[in-house]
Amino acid sequence: LAQKINGLILRSQFNIRAAKLLNDIGLVKTSAEQMTKSGNFLRVLEEILATGNYLNAGSAKAQAYGFKLEAIQKLKDTKATGRRINLLHYVVEHLEKTSPEALNWVTENSAVRDASTLPIQTFEADLKALTADVKSVEKELSATDEASAPFRAVFGSFAAGAQLDVDNLNKMYADMNTALADTFKFYGDDPAKATDVNTVIEFLKLIANFSKEFEAAQKDLIKEKEAAARAEAKAKKAAADALKAPAKKAKGAAPDNGKGVIDNLFDSIKAGNFGLKKAPEEKKPEETVKPASSTDPNSASSSTTTTTPSTTDTTPATTTTTPSTTDTTTTTTDPKATTEPTATTTTSIGDANTTTTPSGDAGTTSTPNQ
């Protein structure tokens, strides 16, 4: 009875278990085959080898004929000094210029990423368990009698079909191991390592991670080009704006002759040009000469000169001249006498005595002393 119950359980789960194994084993086998048939991936490896030989020129590592596949995961660790890129960025950028079709290797090896996430270490155990369950059903069928005719009618056809599926799965599993061994040999490694499940998993993860880093490098370069294009467009716009609206020089700014501020200053001093504006000339006060109002008949020649300046703030010097040989006295009054009266002054020089008295029209009267 227990065997019949197990048969019923197997019949309900067989298709799901078989389909999963079929898909997973087929995916690993496909990824191994893609790795050996991808010419673009080989072109990428050639570029990496050439770049490494160039960097190692002059050393013992130069002119290498190959490298271990594990080295591809170290490309991102070698960084440039100027730009914010690493060696992987450089390889991708150079391939864009020389072999752009090689960039499609990631698409050509799309199965690798999915295969690297599969539990390959359980393939063999799951396949053996499924094979044992089918054998158990076949054994139960052979042990049944005529009384178990309904059981034989239901499980007879199922057991036959299940055995074919299991045989096909075992063949695919063997083919998968063969494809992995060929891939290891293709890349210069020991084919026997393909039987080590952990080594196979590490290999698939190595290629899958490199494909992700490769795509990330492509995106970084695209962003860098876009940023450079925006900067160039901004610079062109700024140059165009500068041509449309030339900058106005500041008042008194040094000439743009390629010299410094100090050099321009010395040149101005030598030329006598200090950058100062010439002050406007002041208007001279108008002079009005009036004849003397009275003349002393006793004097040989006696005259009084009165000067009336215009009402300005300019105050010329006051000059009084008395000739010693004649009785003539000439007095020039301060123009501020119009606003500030001056005290009466009596001056005696020789035989002449002059008295100055302020008046409303800033006039001065000179009276010779008898």
Side-chain angles (χ1 to χ4, degrees), residues 27 30-59 61-62 64 66-118 183 187 201-249 256 258:
L27 192 59
T30 301
S31 65
E33 292 172 349
Q34 287 179 349
M35 291 293 298
T36 56
K37 295 178 181 178
S38 177
N40 286 328
F41 183 60
L42 294 179
R43 177 67 187 91
V44 173
L45 297 180
E46 289 175 358
E47 184 67 28
I48 294 173
L49 178 61
T51 304
N53 283 333
Y54 177 79
L55 294 176
N56 294 324
S59 67
K61 296 181 180 181
F67 59 92
K68 291 186 177 181
L69 206 57
E70 291 82 0
I72 61 177
Q73 61 187 345
K74 299 179 181 179
L75 294 177
K76 64 181 184 301
D77 297 332
T78 305
K79 303 184 182 298
T81 55
R83 297 165 57 193
R84 298 179 60 183
I85 62 173
N86 53 45
L87 189 57
L88 181 56
H89 287 108
Y90 173 80
V91 170
V92 174
E93 188 175 39
H94 195 260
L95 286 171
E96 288 178 348
K97 299 176 182 178
T98 58
S99 303
E101 67 281 354
L103 302 178
N104 297 324
W105 79 269
V106 176
T107 304
E108 293 177 354
N109 294 272
S110 58
V112 177
R113 289 190 186 182
D114 295 332
S116 65
T117 63
L118 297 176
T183 303
Y187 288 102
I201 294 174
E202 290 177 0
F203 172 77
L204 294 175
K205 286 184 177 181
L206 173 67
I207 305 301
N209 291 335
F210 180 67
S211 68
K212 294 176 183 178
E213 293 171 357
F214 194 90
E215 285 186 333
Q218 286 181 285
K219 293 178 181 179
D220 291 341
L221 292 174
I222 291 174
K223 290 180 180 179
E224 185 183 47
K225 290 179 181 179
E226 291 175 350
R230 288 194 298 268
E232 183 179 1
K234 185 177 181 181
K236 288 181 178 180
K237 184 178 182 301
D241 293 342
L243 292 175
K244 293 179 181 179
K248 295 182 179 180
K249 291 185 177 181
D256 186 10

Engineer: Given side chains that start at C-beta, do those of L49 and N53 come closer than 4.5 Å, heavy atoms only?
Structural biologist: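 Of all side-chain heavy-atom pairs linking N53 with L49, at least one is under 4.5 Å.
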Engineer: K219 vs E215, test: salt bridge (Lys or Arg N to Asp or Glu O under 4.0 Å). Steps then yes/no.
Structural biologist: CA-CA 6 Å; K219 293 178 181 179; E215 285 186 333; 5.7 Å; no
Engineer: Kindly say whether L95 contributes a backbone atom to a donor-acceptor pair with the side chain of S99 at under 3.5 angstrom?
Structural biologist: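 Side chain of S99 to backbone of L95: no pair is present.
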Engineer: At what distance, to the nearest 0.5 angstrom, does CD of E70 lie from CZ of F210?
Structural biologist: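 Spacing of CD (E70) from CZ (F210) equals 13.0 Å.
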Engineer: Please list all pairs meeting salt bridge (Lys or Arg N to Asp or Glu O under 4.0 Å) that have one or both residues in residues 99-110, counting only residues at least two apart or in different chains.
Structural biologist: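 For residues 99-110: none.
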Engineer: Calculate, to the nearest 0.5 Å, the distance between atoms OH and CG belonging to Y90 and L88 respectively.
Structural biologist: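 Reported to 0.5 Å precision, the distance equals 13.0 Å.
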Engineer: Around atom NZ of K76, are there more than 12 heavy atoms of other residues, nucleotides or ligands at under 6.0 Å?
Structural biologist: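 Counting neighbours around NZ of K76, more than 12 heavy atoms of other residues, nucleotides or ligands fall under 6.0 Å, so yes.
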Engineer: Taking K225 first and then E96, would you say they form a salt bridge - that is, a charged N and a carboxylate O separated by under 4.0 Å?
Structural biologist: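 Yes, this pair counts.
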Engineer: With heavy-atom distances below 4.5 Å as the criterion, would you say the side chains of F41 and F214 are in contact?
Structural biologist: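 Result no, sub-4.5 Å side-chain heavy-atom pair not found.
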Engineer: State, with a plain yes or no, whether a side-chain heavy atom of S211 is found less than 4.5 Å away from one of R113.
Structural biologist: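 Yes. Closest side-chain heavy atoms under 4.5 Å.
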Engineer: Roughly how far apart are N109 CG and T36 OG1, rounded to 0.5 Å?
Structural biologist: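 Separation between the atoms: 9.5 Å.
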Engineer: Would you check if Y187 and M35 make a side-chain contact, meaning some heavy-atom pair closer than 4.5 Å?
Structural biologist: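 Touching, per the 4.5 Å side-chain cut-off.
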Engineer: Mind checking the OG1-CG spacing from T117 to L204? Nearest 0.5 Å is all I need.
Structural biologist: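 Answer for the OG1-CG pair, T117 versus L204, is 9.5 Å.
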Engineer: May I ask you to test the Q73-N209 pair for a side-chain heavy-atom distance under 4.5 Å?
Structural biologist: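 Sidechains of N209 and Q73: no contact.
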Engineer: Would you say the side chain of D220 lies within less than 4.5 Å of the side chain of I85, judging by non-hydrogen atoms?
Structural biologist: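 I85 does not reach D220 side chain to side chain.
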Engineer: So that I can tick it off, tell me whether R43 and E47 are bridged by a salt bridge, with the cut-off set at under 4.0 angstrom between side-chain N and carboxylate O.
Structural biologist: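 Judged by the 4.0 Å cut-off on N to carboxylate O distance, E47 and R43 do form a salt bridge.
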Engineer: Tell me, do L45 and I72 make a side-chain contact under 4.5 Å, heavy atoms counted?
Structural biologist: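 In contact.
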